Amino acid sequence: MKKTAVITGITGQDGSYLAELLLEQGYRVVGVTRRTSTQVNERINHLEGRIELVSADLLDQSSLTTVLRDAQPSEVYNLAAQSFVPASWSQPVLTGEFTALGVTRVLEAIRAVDPAIRFYQASSSEMFGKVAEVPQRETTPFYPRSPYGVAKVYGHWITVNYRESFGMFAVSGILFNHESERRGLEFVTRKISDGVARIKLGLAKELRLGNLDAQRDWGFAGDYVRAMWLMLQQAQPQDYVVATGRTHAVRDFVRLAFETVDLPWEPYVAVDPKFVRPAEVDLLIGDPSKARSKLGWQPETSFEQLVERMVRADLERLSRVVSV
Ligand code: NAP
Ligand code: GDD
């Protein structure tokens, strides 16, 4: 019989890649969307007819319980969150409701409907914040630096707690930054790839950014959703760091992105204090050895390939707009 998986956050970057992977694995995929006055499902439009969409919200307990009761999944992937770090300073309470308490609501829905359902929580390297050790691994203490990071620490520990309190198969993937051509335009990598493509096509003259010195361990989202799935196929529920083990400064991403279109970066990039954060996470670099040895997972896309694929995708997309 086909396995059923429920994905919250299916309209997001990771939701779309995970849905593709689970369909390939033969799953029935049920995606949770929240009600909006206009439908913006651009990341999953190509999956129409192959996935089922149901309406629920992380703020609404009964809607989550109803979704699970109706869908009867064996696996739930909680990818939904307010995921943009700067927005967590302007909307800290909302971020706490979605990104922290929302996790408890999903866990409570599982407990009410069928505690045997396996649960994946989208934890984050933002939890390491002001890092206590380099590289960061599963045992590194958390020191979050934003309301988003604080909310993710809550989501992480409530997942551990439900595993220990109720014996649930509930796990967290501590994923480092992962990107793609489906990344939201406000995140730095996509802002850069989109900005570079606009400059190359004569649609923009400059790219305004914040802290160019911040270092991130960037991977490709398509590789990372495989690790999520693998975590739920194990005999024992455990948490895993998912990362490439390499780190680069924002400046490196910028330089490579401009190199892809044969332009120097310096004349086009301006630092704008508006994009500098009240508290920064300076250096993230993960140690993925546990995921490699226990899950057999490793990233397939290099940093250089990631930058190139994102810039080329934006060039292609914007060229179509220009030629219309
Ligand atoms: P994303 O593109 O921002 O997608 C977030 C998803 O959450 C969207 O589908 C959004 O729906 C949904 N959502 C937000 N609030 C909701 C609510 N109240 N009820 C129901 N759905 C709601 O994020 P992503 O990059 O795919 O990341 C997926 C998850 O992994 C997030 O939890 C993120 O915090 C975490 N994470 C991401 C990274 C990364 O580098 N990408 C790294 C570590 C952890 P709408 O489309 O309606 O807005
Ligand atoms: N967004 C943005 N915009 N970031 C900028 C800019 C800019 O103009 N200029 C410099 N940066 C720097 C930020 O200060 C940060 O240090 C770094 O670029 C990455 O920022 P984002 O791409 O916004 O990602 P993030 O690291 O804050 O958060 C992402 O990764 C987390 C995992 O570590 C998000 O996907 C989170 O949801 C995720 O948990």
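In each ligand, atom 1 is the first atom listed, and ligand 1 is the first ligand listed. As the structure is a prediction and not an experimental result, all values here were calculated from the model.
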(message) Once you restrict to heavy atoms under 4.0 Å, what part of Phe187 touches ligand 2? Side chain, backbone, both or neither.
(response) both
(message) Give me the nearest non-hydrogen protein atom to atom 25 (P) of ligand 2 as residue plus atom name, then the distance to 0.1 Å.
(response) Asn177 ND2, 3.7 Å
(message) Measuring from atom 19 (N) of ligand 1, which candidate in Leu79, Leu58, Ile7 has the nearest non-hydrogen atom?
(response) Leu58
(message) Is any side-chain heavy atom of Gln121 closer than 4.5 Å to one of His156?
(response) no
(message) Could you check whether Glu304 pairs with Arg246 (Lys NZ or Arg NE/NH1/NH2 to Asp/Glu carboxylate O, under 4.0 Å)?
(response) yes
(request) With the side chain counted from C-beta on, respond yes when Asn177 and Asp217 share a heavy-atom pair under 4.5 Å apart, and no when they do not. (result) no
(message) Below 3.5 Å, N or O to N or O, backbone or side chain included: is there any such pair between Thr36 and ligand 1?
(response) no
(request) Please identify which atoms of ligand 1 are closer than 4.0 Å to at least one heavy atom of Gly12. (result) 2 (O), 4 (O), 8 (C), 9 (O), 26 (O)
(message) Yes or no: does Glu97 have any heavy atom under 4.0 Å from an atom of ligand 1?
(response) no
(request) Among all protein heavy atoms, pick out the one at the shortest distance from atom 28 (O) of ligand 2; state its residue, atom name and that distance to 0.1 Å. (result) Val85 CG2, 3.7 Å
(message) Before we go on, tell me: are the rings of Phe253 and Phe303 under 6.0 Å apart, centre to centre?
(response) yes
(request) State the atoms of ligand 1, each with its element, that fall below the 4.0 Å cut-off from a heavy-atom position in Ser124. (result) 43 (C), 44 (C)
(message) Between Glu20 and Arg182, does the salt bridge (charged side-chain N to carboxylate O under 4.0 Å, His left out) criterion hold? Intermediate values first, please.
(response) CA-CA 13 Å; Glu20 286 171 7; Arg182 296 184 199 168; 2.8 Å; yes
(message) Under 4.0 Å from a heavy atom of Asn177: which atoms of ligand 1 are those, numbered in the order shown and with their elements?
(response) 40 (O)
(message) Suppose I only count heavy atoms of Ala122 and a 4.0 Å limit; which atoms of ligand 1 are within that range?
(response) 29 (C), 30 (O), 32 (O), 35 (C)
(message) Counting non-hydrogen protein atoms only, what is the nearest one to atom 26 (O) of ligand 1? Give residue, atom name and distance.
(response) Asp14 N, 2.8 Å
(request) Closest by any non-hydrogen atom to atom 36 (N) of ligand 1: pick that one out of Phe176, Tyr148, Tyr224, Tyr17. (result) Tyr148
(message) With heavy-atom distances below 4.0 Å as the criterion, list the atoms of ligand 2 near Glu280.
(response) 13 (C), 14 (O), 15 (C), 16 (O)
(request) Answer with yes or no whether Gln13 contacts ligand 2, where contact means a heavy atom under 4.0 Å from a ligand atom. (result) no
(message) Checking the side chain of Lys191 only, and the main-chain atoms of Arg208 only, is there a donor and an acceptor separated by less than 3.5 Å?
(response) yes
(request) Quick one: pull up CZ in Arg50 and CG in Leu22 and give me the separation to the nearest 0.5 Å. (result) 11.5 Å
(message) Judged on heavy-atom distance to atom 41 (N) of ligand 1, which of Arg183, Glu42, Arg216, Arg105 sits nearest?
(response) Arg183
(message) Check this for me, if you would: do Arg34 and Asp60 make a salt bridge, where the nitrogen-to-carboxylate-oxygen distance has to be below 4.0 angstrom?
(response) no
(message) So that I can tick it off, tell me whether Glu181 and Arg309 are bridged by a salt bridge, with the cut-off set at under 4.0 angstrom between side-chain N and carboxylate O.
(response) yes
(message) Is there a polar contact, in the sense of an N or O pair closer than 3.5 Å, between Ser124 and ligand 2?
(response) yes
(message) Tell me whether Arg34 has any N or O atom under 3.5 angstrom from an N or O of ligand 1.
(response) yes
(request) Please state which part of Arg277 comes within less than 4.0 Å of ligand 2, counting heavy atoms only: side chain, backbone, both or neither. (result) side chain
(request) Verify the ring-centre separation between Tyr120 and Trp229: is it less than 6.0 angstrom? (result) no
(message) Give the atom numbers and elements of ligand 1 that come within less than 4.0 Å of a heavy atom of Ser123.
(response) 43 (C), 44 (C)
(request) Would you indicate whether the side-chain heavy atoms of Val171 and Gln234 approach each other to under 4.5 Å? (result) no
(message) Students should be able to answer this: which protein heavy-atom is nearest to atom 14 (C) of ligand 1, and at what distance?
(response) Ala81 O, 3.3 Å
(request) Distance to 0.1 Å, residue and atom name: give those for the protein heavy atom nearest to atom 23 (O) of ligand 1. (result) Ser83 OG, 3.5 Å
(request) Output the list of atoms in ligand 1 that are nearer than 4.0 Å to some heavy atom of Phe98, sorted by atom number. (result) 15 (N), 18 (N)
(message) In this structure, is the centre-to-centre distance between the rings of Phe142 and Phe128 below 6.0 Å?
(response) yes
(request) For ligand 2, indicate whether the residue Leu284 contacts it via side chain, backbone, both or neither (heavy-atom separation under 4.0 Å). (result) side chain
(message) Evaluate His178 for polar contact with ligand 1, using N/O atom pairs at a separation under 3.5 Å.
(response) yes
(message) Below a 4.0 angstrom heavy-atom separation, can you tell me which part of Lys274, side chain or backbone, both or neither, approaches ligand 2?
(response) neither
(message) Would Thr11 count as being in polar contact with ligand 1, using the rule that some N or O on each side must be under 3.5 angstrom apart?
(response) yes
(request) Compute the minimum heavy-atom distance from Glu126 to ligand 1 and say whether it is under 4.0 Å. (result) no
(message) Just to check, does Phe187 reach to within less than 4.0 Å of ligand 1 when the distance is taken from its heavy atoms?
(response) no
(request) Answer yes when Arg105 and Glu108 have at least one side-chain N-carboxylate O distance shorter than 4.0 Å, and no when they do not. (result) no
(message) Under a 4.0 angstrom heavy-atom cut-off, which atoms of ligand 2 come close to Phe84?
(response) 1 (N), 23 (O)
(request) Have a look at Val188, Val254, Val271 and point out the one with the heavy atom closest to atom 18 (O) of ligand 2. (result) Val188
